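Just so it is clear, the structure is predicted and the values come from calculations on it, not from any experiment.
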Amino acid sequence: MNFINKSIVALFLFLIFTGGALAQTYFENRDDIPTEDKWDLSDIYDNWDQWEADLKVMESKMDEIAQMKGQLKEGPDKLLKASKLQEEMGILSYKVYRYPQLMRDLDTRKQETGAKLQQVQILFAKFNTATSWINPEMLEVPWETMKAWLDKTPELEPYRFQIED
């Protein structure tokens, strides 16, 4: 008997004598699952109220960046402010999206969770509209001017690659 056949026989005998100890346990109710086997999403948010608060913060940041339209060519301070707002919105958007997405994955039966995820997707469409003017407006600034701003403004250094790109 070759090695593969012996291994299959050994596994078969193991399963017979252990009563299928390797079998997966299925739970009818999520509350029956031991806590250590559940996802802990509290690193993102402790509850929906915190999520809702960040959703509002993100909307206000979008309004703030939309109000900056036409101001980027005024100088490096405006460029820095827009870059920081974009960064903050990017971090927030990740959290605001992932929480309902993972909550939905935990229990696909909850329609409210799916609705919250759709709410975020609608907000992302608004986000894209609110920031769509930034790159074209940056391109209006002559490269020599932009390079001088980058070289003279150390706070822009973390955004240099993005701006140069």
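- Side-chain contact check for K110 versus M103: every heavy-atom pair is 4.5 Å or farther apart.
- Connection of I91 to M58 is not established within any shared hydrophobic cluster, with ILVMFWY side chains joined at heavy-atom distances below 4.5 Å, either directly or through further cluster members.
- The aromatic rings of W48 and W51 sit perpendicular, their planes meeting at an angle over 60°, well past the 30° parallel limit.
- A donor-acceptor contact shorter than 3.5 Å links the side chain of R160 to the backbone of L150.
- Judged purely by distance below 3.5 Å, without hydrogens or angles, the side chains of Q101 and R104 never pair a donor atom with an acceptor atom.
- In this structure, D32 CG and D37 CG are separated by 12.5 Å, a value rounded to the nearest 0.5 Å.
- Under the 4.5 Å side-chain criterion, counting only non-hydrogen atoms from C-beta, K81 is not in contact with D77.
- One finds a salt bridge joining D151 and K147 here, because a Lys/Arg side-chain nitrogen approaches an Asp/Glu carboxylate oxygen to under 4.0 Å.
- For the atom pair CG (N135) and CD (E140), the distance works out to 11.5 Å, reported to the nearest 0.5 Å.
- Side-chain contact between L79 and L156: present, with at least one pair of heavy atoms (C-beta onward) separated by less than 4.5 Å.
- Side-chain contact between I163 and W149 is absent, with no heavy atoms from C-beta onward closer than 4.5 Å.
- Looking at Q86 and Y159, their side chains never bring a donor and an acceptor atom within 3.5 Å of each other.
- The CD1 atom of I44 sits 7.0 Å away from the OH atom of Y94 when rounded to the nearest 0.5 Å.
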Dump the intermediate steps for side chain to side chain contact (heavy atoms under 4.5 Å, CB included) on M146 and E164, then the final yes or no.
-> CA-CA 9 Å; M146 185 66 74; E164 289 178 345; over 6 Å; no
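- One finds the CG atom of L72 at 8.0 Å from the OG atom of S83 (value rounded to the nearest 0.5 Å).
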Would you check, one step at a time, whether the test side chain to side chain contact (heavy atoms under 4.5 Å, CB included) holds for I134 with M138?
-> CA-CA 6 Å; I134 294 174; M138 284 175 53; 3.8 Å; yes
L123/M62 under side chain to side chain contact (heavy atoms under 4.5 Å, CB included): CA gap, chis, key distance, verdict = CA-CA 10 Å; L123 186 63; M62 284 192 309; 2.9 Å; yes
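- Between atom NZ of residue K116 and atom CD of residue Q118 there is a gap of 12.5 Å, rounded to the nearest 0.5 Å.
- Using a 4.5 Å heavy-atom cutoff, the side chains of Q119 and E52 are in contact.
- Q71 places a side-chain N or O within 3.5 Å of a backbone atom of Q67 that can act as its donor or acceptor partner.
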Before giving the answer on side chain to side chain contact (heavy atoms under 4.5 Å, CB included), spell out for V57 and M89 the whole-Å C-alpha distance, their side-chain angles and the decisive distance to 0.1 Å.
-> CA-CA 9 Å; V57 168; M89 288 170 36; over 6 Å; no
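- By the 4.5 Å heavy-atom criterion applied to side chains, L41 and L106 are counted as neighbours.
- Side-chain contact between D40 and T35 is absent, with no heavy-atom pair separated by less than 4.5 Å.
- Counting non-hydrogen atoms of neighbouring residues, nucleotides and ligands closer than 6.0 angstrom, the CZ atom of F124 exceeds 12 such neighbours.
- Atom CD1 in I65 sits 12.5 Å away from atom NZ in K69 (nearest 0.5 Å).
- Under the 4.5 Å side-chain heavy-atom criterion for grouping Ile, Leu, Val, Met, Phe, Trp and Tyr, F161 is not connected to W143 through any hydrophobic cluster.
- No side-chain donor-acceptor contact under 3.5 Å links T145 to the backbone of V141.
- Of all the heavy atoms in P100 and T113, the pair that sits closest is O-CG2, 3.4 Å.
- Here the side chains of Y45 and V96 are in contact, with some heavy-atom distance below 4.5 Å.
- Ionic pairing of K84 and E87 is not present here: no N-O contact between side-chain nitrogen and carboxylate oxygen is shorter than 4.0 angstrom.
- Salt bridge annotation for E137-K73: absent, with no cationic side-chain nitrogen under 4.0 angstrom from a carboxylate oxygen.
- Closest approach of A66 to W133, counting heavy atoms only: CA-NE1, 4.2 Å.
- Note: the hydrophobic cluster containing W39 does not contain I33 (ILVMFWY, side chain heavy atoms under 4.5 Å, direct or indirect links).
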